[in-house]
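The sequence lines fix the lettering, A, B, ..., with proteins before strands; numbering per chain opens at 1. For the numbers below, each heavy atom of this structure counts, side chains included, while hydrogens, waters and symmetry mates do not.
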Number of protein chains: 2
Amino acid sequence: MKCKIHAETIERQMERNWPSGVKKTRQRTEIFQILAAAGKPLTATEIYRLINESREGKPYAFSTIYRCLQTFEAAGMLIRSIAVTDENAMYELRMEQHRHYAICLSCHERFPLRTCFLGDLRQMLPADMDGFEITGHQIEIYGYCPACAQ
Amino acid sequence: MKCKIHAETIERQMERNWPSGVKKTRQRTEIFQILAAAGKPLTATEIYRLINESREGKPYAFSTIYRCLQTFEAAGMLIRSIAVTDENAMYELRMEQHRHYAICLSCHERFPLRTCFLGDLRQMLPADMDGFEITGHQIEIYGYCPACAQ
DNA sequence: TTGGTTGCAAAATGTTTGCATGACC
DNA sequence: GGTCATGCAAACATTTTGCAACCAA
């Protein structure tokens, strides 16, 4: 929101990725914008803070945040995940090309990995799991980022 | 515990993998045995149920389970992780060769993958993340197991 | 014996839900 | 105007913590 250069691309992103079945409300729009502006996974609490600290008047309720995120997830607009090294769910707008992250154990920052190098995931399934229907996967690398490594 | 064939291997596993710094108590021993017998990640609640349903008298407290698991983790005896598709932490005894899982979105069963095919993880780090010190990684495949796929 | 561990209860946290009010289409 | 989303508060589930009693080394 601070960066006007991104403002219209977020608008466009919203137009393109907002299913017609999902009603637009002030709260939902702002949550979407926060996520789009962040460009990385956020927790519900982070979203709550980000959205309410830039507002005067009554803050949006936590239940609203959670319900919107559930709606978005059900509509396929975002992906909910939990990092190995973390406690809480994180929410990230679904991208054309999905991403994985390197996560710093110290500062908890998430650095997007270059690409998903995984070849044929089916290779990794055991022999008797031929019937397993793969719908997704996740890779995480964790350790210490350059800043924290010292 | 039901299977006597495994009984002594669990004993041996305990002897080998129990650091001398960790005091042995009845509770800790039983938690270790539950985990060893399961051979797969369990949640704190699952451990609580498994350990207490095979006991008469007062059940072990939840706080004890959690504190033991923390102790084990700090001692490097087990690994704590959270699945993308799940809410709660799971605890698994550390194996010589680490494992990854295919997780069924329907029944939540976890099927160990054959091997970790990842080559050089460093390839996946972005160029400016050269200083990132990798200490671990996680791969998960999710979808529907043969039984649930229908 | 003594410090670390357990049990209990209460607190902290993250998330969900019921219901009345209010906003979008 | 009707339906669905919101806000509030209370419920819920998981995990953590304080403190006294207890156990293993």
For A:Arg26 and C:dA23, is the shortest distance between a side-chain N/O and OP1 or OP2 below 4.0 Å? no
Using heavy-atom distances to pick each residue's nearest nucleotide on DNA chain D, tell me which of B:Thr25 and B:Arg67 is more 5'. B:Arg67
Does A:Tyr66 put a side-chain nitrogen or oxygen below 4.0 Å from OP1 or OP2 of C:dT15? yes
Does OP1 or OP2 of C:dC8 have a side-chain N or O of B:Lys58 closer than 4.0 Å? yes
Rounded distance (Å) that lies between atom P of D:dA5 and atom CD of A:Glu30: 17 Å
Expressed in angstrom and rounded to an integer, what is the separation of A:Gln27 atom CD from C:dC24 atom P? 8 Å
Using a 4.0 Å heavy-atom cut-off across all strands, classify A:Tyr60 as base, sugar-phosphate, or nothing. sugar-phosphate
Length of the line joining B:Ile82:CD1 and D:dT14:P, which is rounded to integer Å: 13 Å
Using 30° and 60° as the class boundaries, would you call the ring planes of A:Phe32 and A:Trp18 parallel, tilted or perpendicular? tilted
Working to the nearest 0.5 Å, report the span between CD of A:Glu30 and OG1 of A:Thr64. 11.5 Å
Evaluate the criterion side-chain contact (heavy atoms from CB on, under 4.5 Å) for residue pair A:Leu93 and A:Asn17; output intermediate values, then yes/no. CA-CA 9 Å; A:Leu93 290 183; A:Asn17 297 332; over 6 Å; no
DNA chain C: A:Arg80 or B:Ala61, which has the more 5' nearest nucleotide? B:Ala61
Give the rounded distance in Å between these two atoms: CD1 of B:Ile65 and C1' of C:dT6. 11 Å
Can you tell me the distance, in whole Å, between the CZ atom of B:Arg55 and the P atom of C:dG7? 8 Å
Which part of the nucleic acid, if any, lies within contact of B:Glu87, taking any heavy atom under 4.0 Å across all strands shown: a base, the sugar-phosphate backbone alone, or nothing? nothing
B:Arg49 CZ to D:dA13 P, in whole Å, measures 11 Å
Quick one: B:Tyr48 OH to D:dA13 P, roughly how many Å, whole number? 14 Å
Taking atom OH of A:Tyr91 and atom CD of A:Glu46, what is their separation to the nearest 0.5 Å? 12.0 Å
I need the NZ-C1' distance between B:Lys23 and C:dG3, as an integer number of Å. 6 Å
Output yes when at least one side-chain N/O atom of B:Ser63 is less than 4.0 Å from OP1 or OP2 of C:dG7, else no. no
Hey, can you tell me if B:His100 and B:His137 have their rings parallel, tilted or perpendicular (30° and 60° cut-offs)? tilted
Phosphate OP1/OP2 of D:dT16 contacted by B:Gln70 side-chain N/O (<4.0 Å): yes
Of the candidates D:dT6, D:dT15, C:dT6, the side chain of A:Thr64 sits closest to D:dT6
